Amino acid sequence: MANFSKSSVPQFSVEVYQNEFLPEGGREVNAIVTVTSTGGGTSGGIPLTGASASPASVPGPRTDAAVVVMVDCSGSMDYPPTKMRNARDATAAAIDTLRDGTAFAVVSGTHTAAEVYPGGGRLATADATTRARAKEALRRLSAGGGTAIGTWLRLADRLLGDADVSIRHGILLTDGRNEHETPEDLRAALDACAGRFTCDARGVGTDWEVKEVTGIASALLGTADIVADPSGLAADFTRMMENAMGKEVADVALRLWTPVGAEVAFVKQVAPTVEELTGRRTEAGPRAGDYPTGSWGDESRDYHVCVRVPEAGVGREMLAARASMIIPDPAGGTPRPLAQGLVRAVWTDDMAASTSINPQVAHYTGQAELAHVIQQGLDARKSGDFDNATAKLGRAVQLAAASGNEDTAKLLAKVVDVVDATTGTVRLKARVTEADEMTLETRSTKTVRVKK
């Protein structure tokens, strides 16, 4: 057991779970890389276990943060009128949660973007006075106009870009579809903002597009969720801001080095949510690539890494990959490693050893499939292909039950009648509320940790 004392900066550890044994000629190595950051001052340190844990402290002082809250003020926010009031109250609650010294701003979003507070193209510094002024400015928010989310993000980027901080974060609320700019405009804005700040996105009510909101959060390494009842916004905004205030180090990357002849087949985050990272690789020197993971506080995440290695005979072994967590050097020098773990390959003629699937790998393979079949099932249901929808959602029920993902099982039970969870036998419900369907779709990528 490795115990880490409380400090002002996080410590990172990397643990690798895998079955390193391959049959003769086997080429595919799968591993779950568990990364844990602790002791950054948000929870006082958490004991870690595992012989392969490799801790290291992030050098330098605790970083400050800047946050921009983007509030949808389009015309639909007036239907019902309580929605706009709830949005104002939620933003006020988020402002109250700001840590003293945090730079912040509030943006009103319609078919254009406007600074609500403090104005003048700048950020305010959180203290009792600026919080009160910001909440006073919120009272002037009113609904009217269209929705062009890309303009909101670009204004947030300009404001955050001027802040002399490491942690840059956005919170975005929308209640409708992005109808006043093209999908290409939004994609261009997301591409421009990616890597510059992280962003949590929320859809309120049921008139917004799930794939738009989840796409924003995915591109900007944040979270996405539905708040079907606007009265729940204040509690949700408070949780989001508390999470943002808990971040201690930004721009952390998972670096994978592979030897000559080996290559990374895919990388995906598998806990706490499923997130495909393969296509986000940036080259980092000979045979190394970096995959962005965003900002970290006291937390743990799991990554599924698949590496293809050259064929080899029985008795051979090799280092298939080295997984390291790194952060940029503020002076522009070589990025600094925080912790690392090793992925191995050993060829054997022991059939039992080479065919055994590591429990963590098996679990998260199932969780990734669960997210995929939920999306397929809901898409089939929307298109009227009820047989395919039944098959896919039945498989989802089976996977959720087998893995102990009780939250997803409960959401599925609002869309299908479960006849037998073990076999995945279900019937589509004749009537499903839009909120239940959107909640299942929005939260389909949330996973449960493997039971160790």
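If you're wondering where the values come from, they're calculated on a predicted model, not measured in any experiment. Scope of the values below: all heavy atoms of this structure, side chains included, with no hydrogens, waters or symmetry mates.
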Within 6.0 angstrom of Glu406 CD, more than 12 heavy atoms from elsewhere: no

Atom pair OG1 (Thr439) and CD (Glu434), whose distance is rounded to the nearest 0.5 Å: 10.5 Å

Asp298/Lys247 ion pair, N-O < 4.0 Å: no

Side chain to side chain contact (heavy atoms under 4.5 Å, CB included) partner of Val68, the single match among Leu123, Ile171, Val106: Leu123

Salt-bridge criterion met for Asp236 and Arg239 (N-O under 4.0 Å): yes

Between Thr223 and Asp200, a side-chain donor and acceptor under 3.5 Å: yes

salt_bridge(Asp64, Arg168) N-O dist < 4.0 Å: no

Glu275/Lys268 salt bridge by N-O under 4.0 Å criterion: no

Test item: side-chain donor near acceptor, Arg308 and Thr258, under 3.5 Å: no

Lys410 atom NZ, over 12 foreign heavy atoms within 6.0 Å: no

Nearest-0.5 Å distance that lies between atom CD in Glu369 and atom CD in Gln398: 8.5 Å

Side chain proximity check, Thr36 to Thr34, heavy atoms < 4.5 angstrom: yes

Under 3.5 Å side-chain donor-acceptor pair for Thr273 and Gln269: yes

Over 12 non-hydrogen atoms of neighbours within 6.0 angstrom of NZ in Lys414: no

Test item: side-chain donor near acceptor, Thr433 and Asp436, under 3.5 Å: yes

Test item: side-chain donor near acceptor, Arg280 and Tyr291, under 3.5 Å: no

Lys/Arg-Asp/Glu bridge criterion (N-O < 4.0 Å) met for Asp175, Lys83: yes

Pairwise distance OG(Ser444) to CG(Leu370) - rounded to 0.5 angstrom: 8.0 Å

Sole residue of Lys382, Arg381, Lys429 in side chain to side chain donor-acceptor pair (under 3.5 Å) with Glu437: Arg381

Glu441 and Ile374: CA distance, side-chain angles, deciding distance, side-chain contact (heavy atoms from CB on, under 4.5 Å) verdict: CA-CA 7 Å; Glu441 184 175 4; Ile374 288 174; 5.9 Å; no

Taking every non-hydrogen atom, the tightest pair across Asn86 and Ser231: OD1-N, 3.7 Å

Closest heavy-atom pair and its distance - Val416, Val397: CG2-CG2, 4.0 Å

Gap between atom NE2 of His304 and atom CG of Asn30 - 0.5 Å precision: 3.5 Å

Between Asp420 and Thr425, a side-chain donor and acceptor under 3.5 Å: no

Plane angle bin for His180 and His111 - parallel if under 30°, tilted between 30 and 60°, otherwise perpendicular: tilted

Polar side chain donor-acceptor pair, Thr348 to Asp350, under 3.5 angstrom: no

Heavy-atom neighbours of Ile357 CD1 exceed 12 at 6.0 Å: no

Minimum-distance pair of heavy atoms, taken over all atoms of Thr447 and Val270: OG1-O, 2.7 Å

Between Ser383 and Asp385: side-chain donor-acceptor atoms closer than 3.5 Å: no

Lys NZ or Arg CZ of Arg202 over Trp208 ring: under 6.0 Å, within 45°: no

Heavy-atom pair with the smallest gap, counting every atom of Trp152 and Leu173: CZ3-O, 3.6 Å

Salt bridge present between Asp302 and Arg449 (N-O < 4.0 angstrom): yes

Flag for Asp387-Thr390: side-chain donor and acceptor within less than 3.5 Å: no

Minimum-distance pair of heavy atoms, taken over all atoms of Glu276 and Val267: OE2-O, 3.1 Å

Whether over 12 other heavy atoms sit under 6.0 Å from Asp191 CG: yes

Sidechain N-carboxylate O distance under 4.0 Å for Arg443, Asp225: yes

Heavy-atom closest pair, residues Ala262 and Ala320: CB-O, 4.2 Å

Test item: side-chain donor near acceptor, Gln367 and Asn405, under 3.5 Å: yes

Trp347 six-ring centre to Arg316 NZ/CZ under 6.0 Å and within 45° of normal: no

Separation of Asp379 CG from Lys211 NZ (nearest 0.5 Å): 4.5 Å

